[in-house]
Amino acid sequence: MGDLNGQPAPDQIFSTDWDYAVNEPRYTFQAGTSQAAPQVSALAALLLSKGVTTGPADTEQRMFGTATDLGAKGRDHFFGYGMINPAAALKAPAVSSGFGFSLQADDGRAYQPALNAEGRFTAYLGSGNYTVRAGRDRNGNALPGEAGETPVQASATLSEQKPEVTLPTLQVPEPWPEQFLSLCWRWGGFPGCPRPISGTCITIGP
(Lines give C-alpha, C1' and ligand atoms only; values in the text may rest on other atoms or scores of the structure.)
Protein backbone atom coordinates (compact mmCIF):
# COMPACT_ATOMS: atom_id res chain seq x y z
CA MET A 1 0.00 0.00 0.00
CA GLY A 2 1.01 3.57 -0.66
CA ASP A 3 -0.74 6.88 -0.32
CA LEU A 4 -2.19 9.54 -2.60
CA ASN A 5 -2.78 13.00 -1.16
CA GLY A 6 -2.51 11.53 2.31
CA GLN A 7 -5.05 8.77 1.65
CA PRO A 8 -4.31 5.02 1.42
CA ALA A 9 -3.81 3.86 -2.15
CA PRO A 10 -2.77 0.61 -3.84
CA ASP A 11 0.88 0.23 -4.81
CA GLN A 12 0.12 0.54 -8.53
CA ILE A 13 0.52 3.02 -11.39
CA PHE A 14 -1.81 6.02 -11.31
CA SER A 15 -2.67 6.25 -15.01
CA THR A 16 -5.14 7.63 -17.49
CA ASP A 17 -8.20 5.55 -18.32
CA TRP A 18 -11.61 5.87 -19.94
CA ASP A 19 -14.86 5.81 -18.00
CA TYR A 20 -17.30 4.17 -20.41
CA ALA A 21 -20.24 4.73 -18.08
CA VAL A 22 -20.07 8.50 -18.55
CA ASN A 23 -17.94 8.47 -21.73
CA GLU A 24 -15.11 10.66 -20.45
CA PRO A 25 -11.45 10.29 -19.39
CA ARG A 26 -10.40 9.66 -15.81
CA TYR A 27 -7.43 8.63 -13.70
CA THR A 28 -7.27 5.19 -12.11
CA PHE A 29 -4.80 2.74 -10.55
CA GLN A 30 -3.59 0.04 -12.90
CA ALA A 31 -1.04 -2.79 -12.87
CA GLY A 32 0.40 -5.20 -15.40
CA THR A 33 2.80 -5.31 -18.32
CA SER A 34 1.05 -2.36 -19.98
CA GLN A 35 2.22 -0.23 -17.06
CA ALA A 36 5.66 -1.82 -16.71
CA ALA A 37 6.71 -1.75 -20.38
CA PRO A 38 6.93 2.08 -20.72
CA GLN A 39 9.06 2.37 -17.60
CA VAL A 40 11.43 -0.41 -18.59
CA SER A 41 11.69 1.02 -22.11
CA ALA A 42 12.48 4.46 -20.70
CA LEU A 43 15.28 3.07 -18.54
CA ALA A 44 16.71 1.13 -21.49
CA ALA A 45 16.71 4.35 -23.54
CA LEU A 46 18.48 6.24 -20.75
CA LEU A 47 21.13 3.54 -20.35
CA LEU A 48 21.88 3.56 -24.08
CA SER A 49 21.75 7.33 -24.51
CA LYS A 50 24.07 7.94 -21.53
CA GLY A 51 26.56 5.36 -22.75
CA VAL A 52 26.19 3.15 -19.69
CA THR A 53 25.36 0.25 -22.01
CA THR A 54 25.87 -0.27 -25.72
CA GLY A 55 23.40 -2.90 -26.87
CA PRO A 56 20.43 -5.13 -26.01
CA ALA A 57 22.35 -7.81 -24.11
CA ASP A 58 24.29 -5.57 -21.70
CA THR A 59 21.27 -3.29 -21.27
CA GLU A 60 19.18 -6.24 -20.19
CA GLN A 61 21.88 -7.52 -17.84
CA ARG A 62 22.35 -4.05 -16.35
CA MET A 63 18.65 -3.81 -15.51
CA PHE A 64 18.56 -7.36 -14.14
CA GLY A 65 21.68 -6.84 -12.03
CA THR A 66 20.52 -3.61 -10.39
CA ALA A 67 16.83 -4.47 -9.94
CA THR A 68 15.31 -4.51 -6.45
CA ASP A 69 14.42 -8.10 -5.66
CA LEU A 70 10.74 -8.67 -4.84
CA GLY A 71 8.89 -11.73 -3.62
CA ALA A 72 10.89 -14.94 -3.26
CA LYS A 73 14.66 -14.51 -3.35
CA GLY A 74 16.07 -14.30 -6.86
CA ARG A 75 14.10 -14.53 -10.08
CA ASP A 76 10.59 -15.86 -9.53
CA HIS A 77 7.39 -16.49 -11.47
CA PHE A 78 5.47 -13.51 -10.11
CA PHE A 79 8.07 -10.72 -10.04
CA GLY A 80 10.76 -11.85 -12.46
CA TYR A 81 14.03 -10.15 -11.49
CA GLY A 82 12.17 -7.55 -9.42
CA MET A 83 11.59 -3.81 -9.78
CA ILE A 84 13.89 -1.72 -11.94
CA ASN A 85 16.16 0.69 -10.08
CA PRO A 86 17.06 3.53 -12.47
CA ALA A 87 19.34 5.29 -9.99
CA ALA A 88 21.50 2.19 -9.50
CA ALA A 89 21.42 1.23 -13.18
CA LEU A 90 22.56 4.73 -14.24
CA LYS A 91 25.07 5.07 -11.39
CA ALA A 92 23.31 8.26 -10.36
CA PRO A 93 24.84 10.29 -7.49
CA ALA A 94 23.29 9.95 -4.05
CA VAL A 95 20.57 12.44 -3.21
CA SER A 96 20.02 11.38 0.40
CA SER A 97 21.77 9.51 3.17
CA GLY A 98 18.91 8.29 5.34
CA PHE A 99 18.75 4.86 6.91
CA GLY A 100 15.71 2.63 6.76
CA PHE A 101 14.32 -0.87 6.54
CA SER A 102 11.56 -2.84 4.88
CA LEU A 103 9.73 -6.04 5.76
CA GLN A 104 8.54 -8.05 2.79
CA ALA A 105 6.69 -11.32 2.30
CA ASP A 106 7.49 -13.74 -0.50
CA ASP A 107 4.10 -13.06 -2.09
CA GLY A 108 5.13 -9.43 -2.65
CA ARG A 109 3.31 -7.82 0.25
CA ALA A 110 5.45 -5.16 1.90
CA TYR A 111 5.12 -3.76 5.40
CA GLN A 112 6.47 -0.52 6.82
CA PRO A 113 5.43 -0.46 10.47
CA ALA A 114 6.00 2.70 12.47
CA LEU A 115 8.85 2.56 14.95
CA ASN A 116 8.53 3.76 18.52
CA ALA A 117 11.19 5.74 20.39
CA GLU A 118 13.09 2.53 21.14
CA GLY A 119 13.14 1.47 17.51
CA ARG A 120 10.54 -1.25 17.91
CA PHE A 121 7.28 -1.94 16.14
CA THR A 122 4.29 -4.21 16.52
CA ALA A 123 2.65 -5.83 13.51
CA TYR A 124 0.27 -8.68 12.74
CA LEU A 125 1.60 -11.14 10.17
CA GLY A 126 0.32 -14.40 8.77
CA SER A 127 2.32 -17.55 8.24
CA GLY A 128 4.86 -17.35 5.44
CA ASN A 129 8.37 -16.39 4.42
CA TYR A 130 9.55 -12.87 5.26
CA THR A 131 12.67 -10.86 4.50
CA VAL A 132 13.96 -7.86 6.41
CA ARG A 133 16.16 -5.57 4.32
CA ALA A 134 18.01 -2.62 5.82
CA GLY A 135 20.47 -0.08 4.48
CA ARG A 136 20.90 3.41 3.15
CA ASP A 137 18.36 5.18 0.93
CA ARG A 138 20.75 7.02 -1.38
CA ASN A 139 18.24 7.66 -4.16
CA GLY A 140 15.51 8.91 -1.84
CA ASN A 141 12.82 6.51 -3.10
CA ALA A 142 11.93 5.18 0.38
CA LEU A 143 13.28 1.72 -0.51
CA PRO A 144 16.47 1.39 1.53
CA GLY A 145 18.98 -1.35 0.93
CA GLU A 146 18.71 -1.53 -2.86
CA ALA A 147 21.69 -2.19 -5.12
CA GLY A 148 24.48 0.24 -4.25
CA GLU A 149 22.92 1.17 -0.90
CA THR A 150 24.98 -1.13 1.36
CA PRO A 151 22.08 -3.59 1.79
CA VAL A 152 21.93 -6.18 4.53
CA GLN A 153 19.09 -8.62 4.91
CA ALA A 154 17.86 -11.70 6.70
CA SER A 155 14.94 -14.03 6.10
CA ALA A 156 12.78 -16.27 8.25
CA THR A 157 9.68 -18.43 8.00
CA LEU A 158 6.81 -17.87 10.42
CA SER A 159 4.24 -20.53 11.25
CA GLU A 160 2.20 -21.85 14.13
CA GLN A 161 4.76 -24.62 14.49
CA LYS A 162 7.63 -22.10 14.55
CA PRO A 163 6.32 -19.10 16.48
CA GLU A 164 9.69 -17.53 17.31
CA VAL A 165 12.72 -16.88 15.13
CA THR A 166 15.89 -15.06 16.14
CA LEU A 167 17.74 -13.56 13.20
CA PRO A 168 21.51 -13.09 13.14
CA THR A 169 23.02 -9.70 13.82
CA LEU A 170 23.30 -7.65 10.64
CA GLN A 171 25.92 -4.96 10.11
CA VAL A 172 25.32 -1.87 8.01
CA PRO A 173 28.86 -0.93 6.98
CA GLU A 174 28.24 2.80 6.71
CA PRO A 175 27.96 5.43 8.02
CA TRP A 176 28.35 3.49 11.28
CA PRO A 177 31.32 1.15 10.66
CA GLU A 178 31.22 -0.13 14.23
CA GLN A 179 27.47 -0.12 14.56
CA PHE A 180 25.46 -3.32 14.59
CA LEU A 181 21.75 -3.72 14.17
CA SER A 182 20.46 -6.38 16.50
CA LEU A 183 17.72 -8.35 14.83
CA CYS A 184 15.57 -10.41 17.17
CA TRP A 185 12.47 -11.50 15.35
CA ARG A 186 9.59 -12.73 17.44
CA TRP A 187 6.77 -13.30 15.02
CA GLY A 188 8.60 -11.24 12.41
CA GLY A 189 9.72 -8.13 14.30
CA PHE A 190 12.67 -5.99 13.25
CA PRO A 191 14.30 -3.11 15.14
CA GLY A 192 14.84 -0.61 12.36
CA CYS A 193 17.15 2.04 13.76
CA PRO A 194 20.92 2.52 13.73
CA ARG A 195 21.65 1.23 17.22
CA PRO A 196 21.51 -2.17 18.92
CA ILE A 197 17.98 -2.98 19.97
CA SER A 198 16.13 -6.02 21.18
CA GLY A 199 13.29 -7.54 19.21
CA THR A 200 9.59 -6.96 19.49
CA CYS A 201 6.62 -9.23 20.04
CA ILE A 202 4.55 -9.73 16.92
CA THR A 203 1.27 -11.62 17.12
CA ILE A 204 0.45 -13.72 14.09
CA GLY A 205 -2.73 -12.79 12.27
CA PRO A 206 -5.55 -15.13 11.31
Side-chain angles (χ1 to χ4, degrees), residues 1-5 9-18 25-112 131-155 170-177 179 181 192 194:
M1 293 293 289
D3 68 84
L4 177 67
N5 297 328
D11 188 14
Q12 298 178 353
I13 301 297
F14 196 47
S15 182
T16 54
D17 191 23
W18 190 263
R26 65 178 179 181
Y27 288 98
T28 185
F29 290 99
Q30 298 185 14
T33 54
S34 296
Q35 311 306 310
Q39 298 187 59
V40 173
S41 299
L43 177 55
L46 284 170
L47 289 169
L48 292 165
S49 66
K50 296 294 184 180
V52 178
T53 58
T54 59
D58 62 335
T59 299
E60 180 182 68
Q61 287 305 310
R62 183 70 183 170
M63 289 192 286
F64 289 168
T66 57
T68 299
D69 193 20
L70 299 174
K73 186 176 181 180
R75 188 182 186 282
D76 64 85
H77 176 72
F78 292 103
F79 300 97
Y81 287 92
M83 180 175 61
I84 58 170
N85 184 343
L90 292 163
K91 300 180 182 178
V95 297
S96 69
S97 59
F99 168 88
F101 79 99
S102 64
L103 171 62
Q104 188 176 88
D106 273 5
D107 63 6
R109 290 177 296 171
Y111 305 88
Q112 192 65 58
T131 298
V132 175
R133 182 182 292 115
R136 311 290 288 168
D137 184 17
R138 298 184 187 280
N139 58 19
N141 69 348
L143 293 172
E146 295 180 296
E149 296 180 334
T150 59
V152 290
Q153 67 181 40
S155 300
L170 300 183
Q171 180 182 12
V172 177
E174 56 181 33
W176 310 283
Q179 182 63 61
L181 299 176

On a heavy-atom basis, which atom in [X] and which in [Y] lie closest, and how many Å separate them?
X	Y	answer
Ala67	Gly82	CB-C, 4.4 Å
Gly55	Thr59	O-OG1, 2.6 Å
Gly135	Pro144	O-CB, 3.5 Å
Ala89	Val52	O-CG1, 3.6 Å

Any heavy-atom pair between the side chains of Tyr27 and Thr16 that's under 4.5 Å? yes
Would you indicate whether the side-chain heavy atoms of Ser155 and Lys73 approach each other to under 4.5 Å? no
[atom1]-[atom2] distance between [X] and [Y], expressed to the nearest 0.5 angstrom:
X	Y	atom1	atom2	answer
Tyr81	Leu70	OH	CG	14.5 Å
Arg133	Thr131	CZ	OG1	7.0 Å
Leu47	Thr53	CG	OG1	4.5 Å

Taking it one step at a time, do Thr66 and Glu146 satisfy side chain to side chain contact (heavy atoms under 4.5 Å, CB included)? CA-CA 8 Å; Thr66 57; Glu146 295 180 296; over 6 Å; no
Within the side chain of Gln104, is there an N or O that forms a donor-acceptor pair under 3.5 Å with the backbone of Gly71? yes
Any donor-acceptor N/O pair, Asp69 side chain to Gly74 backbone, under 3.5 Å: yes
Hey, could you give me each pair passing salt bridge (Lys or Arg N to Asp or Glu O under 4.0 Å) that has a residue in residues 81-108? Not counting sequence neighbours. Asp107-Arg109
Side chain to side chain contact (heavy atoms under 4.5 Å, CB included) between Asp17 and Gln30, intermediate numbers included: CA-CA 9 Å; Asp17 191 23; Gln30 298 185 14; 3.6 Å; yes
Please step through side chain to side chain contact (heavy atoms under 4.5 Å, CB included) for the pair Leu90 and Leu46, ending with a clear verdict. CA-CA 8 Å; Leu90 292 163; Leu46 284 170; 4.0 Å; yes
For Phe29 and Phe14, take the angle between the two ring planes, folded into 0 to 90°, and tell me which bin it lands in: parallel under 30, tilted 30 to 60, perpendicular over 60. tilted
Steps toward side chain to side chain contact (heavy atoms under 4.5 Å, CB included) verdict (Leu43, Arg62): CA-CA 10 Å; Leu43 177 55; Arg62 183 70 183 170; over 6 Å; no
